[in-house]
Structure formats: C-alpha cells, structure tokens
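Below, read A as the first sequence line, B as the second, and so on, with proteins coming before strands; counting in each chain starts at 1. Just so you know, these numbers use all the heavy atoms, side chains as well, and skip hydrogens, waters and symmetry mates.
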Amino acid sequence: MAIQIDQPSVSLSRVAVSDTHGEDSPYFAGWKAYDENPYHELTNPSGVIQMGLAENQVSFDLLEQYLEKHSDGATNSGRTSGFRENALFQDYHGNGKLYGTNKRGRAKFNPESIVITAGATAANELLTFILADPGDALLVPTPYYPGFDRDLRWRTGVNIVPVHCDSSNNFEITPQALESAYNEAESNNIRVRGILITNPSNPLGATIRRTILENILDFATRKNIHLVSDEIYSGSAFSSDEFVSIAEILETRNYKDSERVHIVYSLSKDLGLPGFRVGTIYSYNDRVVTTARRMSSFTLISSQTQQLLASMLSDKQFTGSYIRTNRERLRKRYELIIDGLGKAGIRCLKGNAGLFCWMDLSTLLEEPTKEQELCLWKLMLHEVKLNISPGSSCHCSEPGWFRVCFANMSEKTLEVALRRIHDFMERRKAH
Amino acid sequence: MELLSKIATNDGHGENSAFFDGWKAYDSDPYHPTNNPNGVIQMGLAENQLSFDLVQEWVKKNPKASICTSDGSNGFKDIAIFQDYHGLPEFRNAVARFMEKVRGNRVRFDPARIVMSGGATGAQETLAFCLADPGDALLVPAPYYPGNDRDLTWRTGIQLLPVICHSSNDFKITRQALETAYKKAQDSNIKVKGLLLNNPSNPLGTVLDRDTLTESLKFTNDKKIHLICDEIYSATVFARPNFISIAEILQENADCDRDLIHIVYSLSKDLGFPGFRVGIIYSYNDSVVNCARKMSSFGLVSTQTQHLIASMLSDDVFVDRFLSESAKRLGQRHKILSRGLSQVGIGSLKSNAGLYCWMDLRRLLKGPTFESEIELWRMIINDVKINVSPGASFHCSEPGWFRVCFANMDDETVMVALNRIHKFVIQTKGSSSDGINRKQYGRSKLEISLSFRRLDEIMMAPHKMSPHSPMSSPLVRART
C-alpha cells in the first residue's frame with residue numbers, strides 16, 4: 001500500500017502559530033477550571049470561587065442609580081437625533097467631553113493629548129508599536145500582569161526584559177534592579193526602548209512611592225528611554241492621598257523631559273466597566289499623540305459608549321461621590337480579606353490599592369521552587385476550590401506568592417472563600 | 001528628542017497622500033445650506049445616511065435594547081462586566097442571522113465562527129497578522145479602497161500587490177490578470193499569501209459575477225493561498241444582478257479547501273453605523289478563528305453596542321423592512337446622481353451597489369496622465385467646490401476616473417452638487433479647444449436647461465437629514 005503523504009496545508013503567519021498569546025499559562029488554566037465548575041451560593045455551593053479575576057463589582061449600585069436618574073441624558077432613545085450623531089461619529093479624536101473631564105484631581109490634563117483606544121489592552125500594544133521596533137525591549141518590573149506578555153510582545157515582536165523585585169524590600173523597584181535589567185539587555189545586544197510600570201501595581205496591590213517614581217523617571221532620562229505608566233488602578237487606591245501619578249512628578253519638575261512619558265488609563269477597573277472597552281493614552285509627546293491617534297483607527301471606542309460616559313463623567317457631583325465611595329468600599333473589602341487570611345495564619349504584602357492582595361504562601365512550599373508553587377496552586381484549585389493566580393504566572397522571581405482578587409464577588413462569597421482557606425490551613429496544621 | 005519606532009515614523013499611516021488634501025479643503029470650508037452655501041460639498045466619504053429614520057424609530061420603540069434606559073437598566077451590570085472575547089452569544093447569533101438574510105438565506109453562517117474586531121479596519125489588519133509574515137504579499141485587484149494600504153500593511157509589514165483591471169472590460173477581474181500579478185511576485189521573490197477581493201467593490205460599485213468568483217476561488221485553491229472576501233457593502237445592492245457571496249460559491253465547490261476562505265464584514269456601510277465599530281471576521285479555518293479571536297482583545301466591540309445590535313438585528317420585521325427600504329433609497333439616490341451626471345455627458349461605470357459612483361472624467365483631462373488627473377481634481381475641489389476622490393488614490397491604472405459618494409447627504413445637497421457640476425462642465429465645454437481652462441464662474445441663478453426641472457421631478461420627497469456628514473475633521477475616517 002502506498003504511503004499517503006498529506007499535502008501540507010497552507011501555513012498561517014509566525015505570529016499566528018506562536019504561543020505568545022499566552023493563553024497556555026496557569027493564569028488561564030484556573031479560569032477554565034472555574035468556567036467548568038463555577039461557584040454559586042445556592043445552585044453550586046461547592047463550586048470553584050473565582051479569585052483570579054481583577055474586576056471591580058463593589059460599586060455597581062452607584063452606576064445603576066445614576067442611570068436611573070439620568071436615563072434621558074445617557075440614552076439614545078430619549079434623543080433620537082443624538083443617535084445618528086453617535087452612529088456616525090467615528091472621529092478618532094474621540095468625544096472630547098469624555099476625557100476633558102478627567103477625574104484625576106491634582107494633575108492637569110490637556111484633552112488634545114488624549115487618544116482613545118478599545119481598552120488598556122489596545123493602548124499598551126499601540127504604545128509598544130510606536131515606541132519600539134521588533135527585537136527591541138521594554139523593561140517591566142516583576143511581578144507583573146500576565147497579560148503584558150501578550151499585549152506588549154505578541155504582534156509587535158518586542159521583548160520584555162524583567163526588572164526583578166523581591167520581598168526583601170516589599171517588592172519595591174530599586175535603582176540597582178533597573179541598572180541590572182538594562183545591562184542584561186545590553187549584554188544580549190537588545191536595545192531597550194522604554195520602561196513600563198503599573199502604578200498602583202498589579203499584582204502587588206500597592207501604589208509606587210513618590211521617591212521611587214522619581215528614581216524611575218531619572219533612570220529613564222539618563223538612559224534616554226521612554227516611560228509608560230499604566231495607571232488603570234489609580235481610582236482604586238484606598239485613599240486618594242496614597243496615589244501619586246507620574247503626571248504629578250512631571251508637574252513638580254515643570255514638565256522637563258516629559259516627552260518621554262506616556263500614561264495609560266482605562267475605565268475597566270475604576271468604574272467596573274470592562275465590557276465597554278474604554279482605554280486612553282495620554283502622552284506628553286506630540287508625535288506620539290499624532291501617531292497613536294492614527295493607529296487608534298484599529299481600536300476605537302464605540303461612540304454609543306463614548307456618549308454614555310461623557311454624560312456620566314461630566315457630572316462632577318456623581319464622579320466625586322463615586323470615587324470616594326468606591327475607595328472606601330475597596331478598603332473595607334481589603335481589610336476583610338487581610339483579617340480573614342491573618343486568622344488563618346497567612347500574611348500578605350501590605351497593600352493600599354487595587355482589587356487584589358498579594359498573598360505569601362511560601363512557608364507552605366516543600367521547596368522554594370516554581371514547580372512546588374504550581375503544585376500548591378493546583379491544590380488550591382482542585383481541593384480548596386479557589387482560583388487564585390500563582391506568582392510565577394506574574395513572573396515573580398520568588399516562589400510562593402499568589403494574587404487573590406476580592407472585589408469581583410459579594411461579601412458573602414468572600415467569607416465562604418475565607419472559611420475554605422481557614423479550613424485548609426487547619427487541615428495542614430493537623431498533619 | 002525621543003526616537004520612535006520605524007512604524008511610527010514611516011508613511012504607512014497613509015495620511016500624507018494627496019487624497020487627503022480634499023478632506024482638508026472640506027474641513028476648512030464645509031458646505032452648509034444656510035451658514036456656508038459656497039462651501040465644499042463632501043462627496044469623498046462613503047457613508048450611508050439615507051435610512052437613519054428607520055433605525056431611530058426602532059430605537060425609540062425598543063428602550064430595553066439600551067441598557068441605559070429604565071427599561072433596560074437591570075441588564076446594565078451583566079453587560080458592563082462582560083469582557084469575554086467570544087462576545088455576547090446573542091450578538092453573534094444576531095450577526096450570523098443578519099448576514100444570512102442579506103444573502104437571501106442561501107447560505108448558513110455558524111455563530112461560533114463570528115469574531116469581533118475594531119471595525120472592518122481592525123478585521124483586515126487582524127487577518128493580515130494571522131495569514132502573512134512581514135514581507136509577504138496579498139494580491140488586491142485595483143482600483144481598490146485606499147485604506148487597505150494602511151489597514152493591511154502599516155503595522156503588519158506585509159505588502160499589497162495590485163491585480164490590474166481595465167476599463168475596456170468594465171474593470172472585471174480576469175484569470176489572466178491574477179496569473180500575471182502572481183507571476184510578477186514570484187519573479188521578484190515575493191511570497192504571495194493570499195488574494196483580497198472586495199465584493200461589492202469599492203470604488204466600482206459593482207458586484208462580482210459567479211464566474212469571476214468561481215475563477216478566483218479556483219485560482220487561490222490552485223496556488224494554495226488564502227482568499228479574503230471583504231463583503232462590507234453586501235446590503236447596499238440596489239439593483240440586479242444580485243449579490244453573490246463567496247459563501248455561496250464555496251457551497252457550489254465543495255472540493256475546495258475551506259481553510260483558505262475568510263470573510264470580512266462590518267455594520268458601518270450596510271446599516272450606517274461606522275461610529276459603533278462593529279467589525280466581523282468570519283473564517284472557515286478553525287485556527288484562524290482561534291487566533292483572530294485572541295487578537296480581538298485588541299479591538300472588541302463594546303458590550304453596550306453588542307447588546308443593542310443583538311436586539312435590533314433579531315427583530316426580523318425591522319430587518320426585512322430596513323433592507324428593502326435602504327436598497328430602494330440607495331437605488332433612487334444613485335439614479336439621481338448618475339442621470340444628473342449623464343445629462344452633461346459625464347458617464348459612470350454601470351453599477352448596482354455601494355454608496356458611490358465611479359465617474360468617468362477622462363475626456364476632461366488635458367492628457368491621459370495622472371498629472372492631468374490631479375490638476376482636474378484640484379480644479380474640482382477649488383472651483384467646483386466638491387470633494388471627490390481621484391482614481392490614482394485607488395491605485396487605478398488609468399487616469400481620469402473619480403469616485404463620487406452620494407449617500408452621505410440630503411436631497412437638497414445632491415441637487416446643489418449636481419448644479420455645480422453642470423455649470424462647470426458647460427463652462428468647460430464652452431471654453432477653448434485645448435481642454436480645460438481655469439474659468440471663474442459666477443454665482444448666477446441661470447437655469448441652464450430643462451434638465452434641471454427634470455431632475456427635480458425624479459427627486460423623491462426629501463426626508464430630514466443633515467446636509468452632509470457631521471464629521472468635522474476629515475483626517476479621521478476609520479473607513480471611507
């Protein structure tokens with residue numbers, strides 16, 4: 001019998017067949033486990049509780065109240081002529097009102113320098129296309145959001161060189177770590193084009209201190225590279241005093257050297273609207289603004305959504321009250337989980353922002369290795385039925401740390417989760 | 001100063017082309033019937049504004065579809081937090097059914113193959129990222145939509161190679177032309193990864209016939225390259241011959257490799273919603289569906305919009321009425337424009353779809369050159385005060401053709417535009433025999449001929465809409 005040799009099917013691109021999309025990481029495997037067996041208070045009380053999803057659901061009632069009071073202004077059906085303007089409005093300058101009314105208090109923002117994108121995912125990728133060529137690198141402090149591997153590298157061909165941070169100093173970014181990462185890139189003949197920080201940090205759940213921000217800006221200036229500050233959790237700092245934006249640092253320096261600084265923002269975390277795909281880039285560099293605006297054609301925000309949000313965000317009373325209430329609720333939620341974990345004998349990094357805490361389970365590891373961490377993670381997923389995110393998926397160099405989200409569920413569910421952890425720790429003690 | 005990337009500093013964004021000078025002229029002097037009656041009329045923007053009243057009526061009657069009304073607000077939270085890149089199931093289902101309706105229910109679309117993107121702009125780019133590596137090429141029949149250059153090549157690093165089509169056979173795509181383009185690429189050591197068809201065509205306004213589609217399918221199948229069909233004007237067909245989708249041809253040619261076939265769609269033209277950024281990739285290739293879906297994270301459709309569209313497109317009564325009424329209005333508008341042009345001896349390619357006419361101004365050229373075409377075009381912008389799009393920007397191989405859009409304005413504005421064209425042509429005819437002279441013409445109210453009265457007669461009763469697109473800045477089109 002003749003051997004059949006199949007005709008090779010036509011190939012897809014290298015980008016398409018690579019796994020840089022990152023979906024094979026444990027970060028996503030946990031989600032799958034949750035999807036297959038999701039916890040529900042009544043119908044599936046022994047299901048997996050999703051604590052791997054950084055969503056803010058604690059303040060939805062405030063949004064719903066707003067909508068009920070303002071349904072005419074916010075809708076299209078109340079103003080039929082408004083509908084057609086929206087449906088046609090594909091101007092990539094965006095609905096000016098939306099971002100002119102920036103709610104970030106202390107620093108001033110010029111609406112002309114804002115570029116809209118469909119989510120921070122797109123904003124980060126877009127900036128990477130603009131600031132770096134294929135083969136170049138961005139420095140990113142670890143641990144970092146797993147999605148960066150895809151957003152910064154996949155289609156752009158740009159590399160991430162990690163800036164290692166560890167628990168010896170609460171994972172703060174040191175000048176030495178920056179230099180070390182830069183030199184590492186250089187010795188491999190990789191050109192560093194910028195550094196990307198997340199402030200407040202995901203997964204640490206902490207804001208970056210003013211001094212550190214100054215160091216990072218100085219470093220970027222010395223090396224003549226860009227600085228991207230992803231500030232999507234800025235409204236989730238538990239107290240407004242604790243968050244310092246890179247914009248404030250620039251202001252105190254009279255905007256010297258500001259052309260290298262670019263800020264990414266989004267409404268997905270602070271307002272809890274990830275489905276609406278609302279991202280922004282704010283750049284102090286006119287050429288970046290112009291280019292980013294042209295590129296945003298690939299990823300604009302639906303004008304229907306722009307209009308809704310323009311109404312909402314220009315209502316200063318609403319936004320002021322929302323931010324205050326949201327911060328307070330997140331703080332309370334954080335205290336609840338820290339308290340509960342503490343009672344179970346588990347420590348966390350001291351946090352002051354975000355929708356998650358950075359939990360230290362290193363003492364539970366048989367050996368301080370990534371493999372042991374993943375074993376523990378599987379145990380948490382299949383035995384304790386909690387999906388939490390292992391530090392290794394965030395490229396943390398120290399095994400045993402886990403990111404635990406607390407804002408994407410009801411308080412009741414959080415308490416169930418804490419009970420499970422408590423019971424788990426008790427069982428371990430008994431052995 | 002900071003160095004930016006090569007992508008950021010090259011011309012791939014396409015906005016430095018002469019094409020955009022017309023936009024700029026319009027932008028700085030936009031026509032308005034009362035505020036600026038001597039301004040530039042925008043006929044370079046392919047937008048469908050003729051049937052908004054139908055949509056507005058539906059939105060008013062269906063407050064639940066908007067999650068921001070008291071009727072719909074209890075759905076707000078679930079919609080607002082839903083960021084799954086599979087999209088709302090009801091959205092995918094509604095889009096699949098809509099696409100089937102537009103094709104007369106002659107084919108079935110599997111909602112699981114519907115992938116979102118940031119408009120068709122995003123869909124084109126995503127497919128290029130999936131199917132080709134930097135340096136590879138896609139063949140594209142010319143004349144073609146100028147945005148293809150940016151959408152397919154800017155950030156992807158691929159190139160577009162034209163398949164030359166000629167007016168001698170109404171710009172039909174021949175097997176010969178395909179083979180010639182393919183061979184040319186091979187001789188230059190360029191790897192061709194696919195063929196991009198636009199059906200109905202922008203800028204031609206024609207639909208591809210069964211033979212051409214079948215021939216293209218066979219060609220790509222033989223060469224083992226991808227076939228991308230951009231069908232975003234599929235519901236703008238207003239007269240026979242009917243629109244035939246590649247999906248139908250695939251049905252008739254079951255032995256072809258389905259893994260090579262991909263459709264690009266959008267609601268921007270058929271429904272007139274460019275602001276909502278609803279782009280769709282439909283691929284028969286599972287790997288491409290998976291990859292494109294992952295990439296759609298970079299350009300998802302707002303769930304607020306998904307929800308609205310899902311409601312709207314599942315209303316069969318509305319959709320059926322909209323499709324037939326929209327086609328009727330487009331047909332009527334097309335007739336007005338093409339007749340108005342022919343009355344002064346300006347022919348256009350016989351077309352039955354799209355939001356524009358492909359106008360033949362060859363006999364107004366000083367000489368059969370692109371320099372003359374640009375000269376004529378500048379005259380049309382500066383003297384006639386109409387922005388039309390020169391064929392060169394569509395990579396047309398023959399000078400003298402211009403695309404003129406007709407669906408982005410109200411009835412009165414169309415008349416004003418035609419009046420201006422009539423005056424211009426008649427004055428040009430009356431001038432010296434060496435072709436065009438730059439004559440100033442006054443704002444006289446002279447009715448040139450009975451032809452204007454006949455124009456008025458064939459006008460339908462106007463329905464209210466703005467004189468032209470409310471767009472203020474021309475350099476911002478996601479899609480033209």
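- Two residues are said to be in side-chain contact when any heavy atoms from C-beta on lie closer than 4.5 Å; Ile114(A) and Ile281(A) fail this criterion.
- For the set Leu273(A), Asp61(A), Leu63(A), Val17(A), the entry with the most heavy-atom pairs within less than 4.5 Å of chain B is Leu273(A).
- The distance from atom CG of Leu217(A) to atom CZ of Arg222(A), rounded to the nearest 0.5 Å, is 10.5 Å.
- Residue with the most contacts toward chain A among Thr305(B), Ile158(B), Ile7(B), Thr9(B): Thr305(B) (heavy-atom pairs, distance under 4.5 Å).
- Annotation: cation-pi pair Arg150(A)/Phe298(B) present, NZ/CZ under 6.0 Å from the ring centroid and within 45° of its normal.
- Phe129(B) touches chain A through backbone and side chain together, each having a heavy atom under 4.5 Å away.
- Using a 4.5 Å cut-off between heavy atoms, Phe129(A) touches chain B through backbone and side chain atoms alike.
- Among the candidates Ala65(B), Gly118(B), Ala80(B), the residue making the largest number of heavy-atom pairs closer than 4.5 Å to chain A is Ala80(B).
- Most heavy-atom pairs under 4.5 Å with chain B: of the set Pro274(A), Ser13(A), Ala132(A), this distinction falls to Ser13(A).
- Between the OG atom of Ser302(B) and the CD atom of Gln83(B) there is a distance of 12.0 Å, given to the nearest 0.5 Å.
- If you tally non-hydrogen atom pairs under 4.5 Å between each of His21(A), Arg14(A), Arg277(A) and chain B, the highest count goes to Arg14(A).
- For chain B, the nearby part of Leu53(A) is the side chain; its heavy atoms alone come within less than 4.5 Å.
- Of all heavy-atom pairs spanning Glu55(A) and Ile81(B), the tightest one is OE2-O, 3.4 Å.
- Between Phe318(A) and Tyr322(A), the angle of the ring planes lies from 30° to 60°, which puts this pair in the tilted group.
- With a threshold of 4.5 angstrom between heavy atoms, Val301(B) approaches chain A through N, CA, C or O but not through any side-chain atom.
- When every heavy atom of Leu313(A) is checked against every heavy atom of Leu271(A), the shortest pair comes out as CD2-CD1, 4.0 Å.
- Contacts between Asp151(A) and chain B at a heavy-atom distance below 4.5 Å involve backbone atoms as well as side-chain atoms.
- Heavy-atom pairs under 4.5 Å with chain A peak, among Gln306(B), Lys61(B), Met295(B), at Met295(B).
- Highest contact tally toward chain A, considering only Phe76(B), Phe82(B), Trp58(B), is held by Phe76(B) [criterion: heavy-atom pairs under 4.5 Å].
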Check against salt bridge (charged side-chain N to carboxylate O under 4.0 Å, His left out), Arg191(A) and Asp133(A)
CA-CA 9 Å; Arg191(A) 197 160 64 135; Asp133(A) 291 306; 3.5 Å; yes
